[in-house]
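Because the structure is a prediction, the values reported are computed rather than measured. A note on names: the letters A, B, ... follow the listed sequences, proteins ahead of strands, and every chain is numbered from 1. Because only heavy atoms are used, hydrogens play no part in the values below, and waters and symmetry mates are left out as well, while side chains stay in.
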There are 2 protein chains.
Amino acid sequence: MRRRALIDATLRSLERHGRDGASIRRISAIAGVSSGLISHHFRNKAKLIAAAYESLAIELQETLYRDSGAGDRSPRERVSAFIRASFAPSILEPRILNVWLVFWSMVMRAPAMRAVHDRTYRRYRSILGKLLQSVGRTRGVRVRARPAAIALSALLDGLWIELCLSPGTFRPTEAVMLCESWVDALCGGALPQLLQPGRRRSP
Amino acid sequence: MRRRALIDATLRSLERHGRDGASIRRISAIAGVSSGLISHHFRNKAKLIAAAYESLAIELQETLYRDSGAGDRSPRERVSAFIRASFAPSILEPRILNVWLVFWSMVMRAPAMRAVHDRTYRRYRSILGKLLQSVGRTRGVRVRARPAAIALSALLDGLWIELCLSPGTFRPTEAVMLCESWVDALCGGALPQLLQPGRRRSP
DNA sequence: CTTGCTACTGGACGTTCGATCAATTAGGCT
DNA sequence: AGCCTAATTGATCGAACGTCCAGTAGCAAG
C-alpha cells in the first residue's frame, strides 16, 4: 500500500531532520515519489502527520506489550521486561525523540493530533495499569490501576526523554533500576495512596 | 537593554506559535522592531534561540527555588513547596510546553543548545538532590543525591508534560500526590537502592 | 559644526514551503 | 482490443523564510 510507504517515509524524514523533516518535498524525496502524490493520498500535510503519529504510537505499544508478554512469565517478570524494553537501545535512539517532539508540539494546535494522543495514551496507561494490578495481586496488595499507571508512565517517559536528550548524564541501567525500585515500593505497600483503601488481600 | 527585550519577544513568540514562532520576522514584529535589528544584536537566529533557552531555564529554576526556600520551613516542607510550585497554574500553561519542545528539538542538532541543556539540568538535579538529602537527614536516612534527583526530576517532568499535553487526563493535585508519595517512600526507606549502603543514621 | 560610532530601518535576494492542477501512465474489466 | 478509473508526475503559484547591506537617525567627543 502506497499510504503505508508514505507514512514510513514521513517517520524516516522526521527522524533525520526533526521538524524540518515535516515537509512534503523531503518526505516525497525519501519515498522516491513526486510531491503531488502525497496530496493525492492524503488531503493535506496535517492528515499525513496525524496518520504517522498514530502509526508510530501503536507500533511502539505493540512492541512493548509483545516483549513483555512473551513466554510464561510471572506478572513481576513481565513488568521488568516492559521496563527493560522501554530502555532498549532501539527505543533510546535520540533520533526517535525528534519524532515525538514534533508530534507533541502539534497536539496542542491540531485537534486531530490531540485525539490521537489521548487515544494512544489511554491505551498505554491501560496496559501499564493491568500489569501493575496483576503484580500487586501476586504480592497480596490491591493496586489502584489508574494513578499507578500515570506515575509509572511519567517516570518512564521522563527518564527516556532525558536519556535521549543527553545520553551521558546517566546510564540506561540506572533508569531501569529507578523504575524497578518504584515498582518494588508499590508492591511492598510503601505507596499507600496508590493502593485500594482497606485491608491487604492476604493479611 | 535591547537584547533582553528581544529574548522576551522570542519566548512570547514561541509560546504563541510554537515552532513557527521561531522566525525572525514574527519575533521582530512582537518586539516592535525591524527584522534587521535582530541580526544586529545576535549574529544569527540560532544565537538568539540559545540565549532564550538559557534565559527561560534559569528563570524557571530561580522561581522554583525561591518558592521552595521561602520562610523557615523544614526540609520536608520545602520539598513539598517545590513539588507544588512545579504544578502551579502558571507552570502548567500548555503554551509553555510549546517553548520547551522547540528547545529540546534543537538540543540534538545544535551543540550550543546541548551545552545549555546539560548545564541547566545539572543545576536542576543539584538543587533537587540537596533538598532530598536534607529531608533524608531529618528522617534518619542517607539519600544518594544523584539517582534520587534523577528519579524525582523525571517524575516531575513526565507528569508535567502529560498534564500540558492533555490537561483533562488527571488533575494537578494528583500529580502532586504521586510525587509526594514517592518522596515519602524514599524517606521511609522503601527505595533502598536510592540510599547509601550500610546502616541507617538513627537505628 | 563636523566627525565617528552605534542603534536601527527596510528592501532585495535566493530558497523553500504547501497546495493546486492539467497532463500522462498504468491496470483491471468488458 | 478498447475503455474507464485510479495512480502518478512535475510545473507553477503566492507566501514566508534567513541573511545581507546600503542607508538613516541619534548622540557624544573634538
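The CD1-P distance, from B:Ile24 to C:dG14, rounds to 20 Å in whole Å. Rounded to whole angstrom, the span from the NE2 atom of B:His40 across to the P atom of C:dT6 amounts to 9 Å. For the pair A:Leu37 CG and C:dT24 C1', the computed distance is 14 Å after rounding to whole Å. B:Asp20 places its CG atom 14 Å from the C1' atom of C:dT16, with the value rounded to the nearest Å. Between the NZ atom of B:Lys45 and the P atom of C:dT16 there is a distance of 14 Å, given to the nearest Å. Between the P atom of C:dT6 and the CZ atom of B:Arg3 lies a distance of 16 Å, rounded to the nearest Å. Note: NE2 (A:His17) to C1' (C:dC17) measures 15 Å, nearest angstrom. Atom CZ of B:Arg25 is separated from atom P of C:dA12 by 12 Å (rounded to the nearest Å).
For the pair A:Lys45 (side chain) and A:Ile24 (backbone), a donor-acceptor distance under 3.5 Å is absent. No donor-acceptor distance shorter than 3.5 angstrom exists from the side chain of B:Asp184 to the backbone of B:Cys187, with no hydrogens or angles considered.
Annotation for A:Arg4: atom CZ counts as buried by contact number, over 12 foreign heavy atoms lying within 6.0 Å.
A donor-acceptor contact closer than 3.5 angstrom is absent between the side chains of A:Thr63 and A:Glu59. Using modelled atom types, one finds no donor on one side chain facing an acceptor on the other under 3.5 Å when comparing B:Ser126 with B:Arg122.
The pair B:Arg84-B:Glu77 fails the salt-bridge criterion, with no side-chain N (NZ, NE, NH1 or NH2) lying under 4.0 Å from an Asp/Glu carboxylate O.
Contact between the side-chain N/O atoms of A:Ser23 and the OP1/OP2 oxygens of C:dC17 is found at a separation under 4.0 Å. Contact between the side-chain N/O atoms of B:Arg2 and the OP1/OP2 oxygens of C:dC8 is found at a separation under 4.0 Å.
The aromatic rings of A:Trp100 and A:Trp104 sit tilted relative to each other, their planes meeting at an angle between 30° and 60°.
No engagement by A:Arg43 is indicated, since no non-hydrogen atom pair under 4.0 Å with the nucleic acid exists.
Nucleotides of DNA chain D that come within less than 4.0 Å of any heavy atom of chain A span, from the 5' end to the 3' end, D:dA7 to D:dT12.
Ranking C:dC8, C:dA19, C:dG11 by closeness to the B:Ser35 side chain, first place goes to C:dG11.
Place B:Gly36 and A:Ala22 on DNA chain C by their nearest nucleotides, and B:Gly36 ends up nearer the 5' end.
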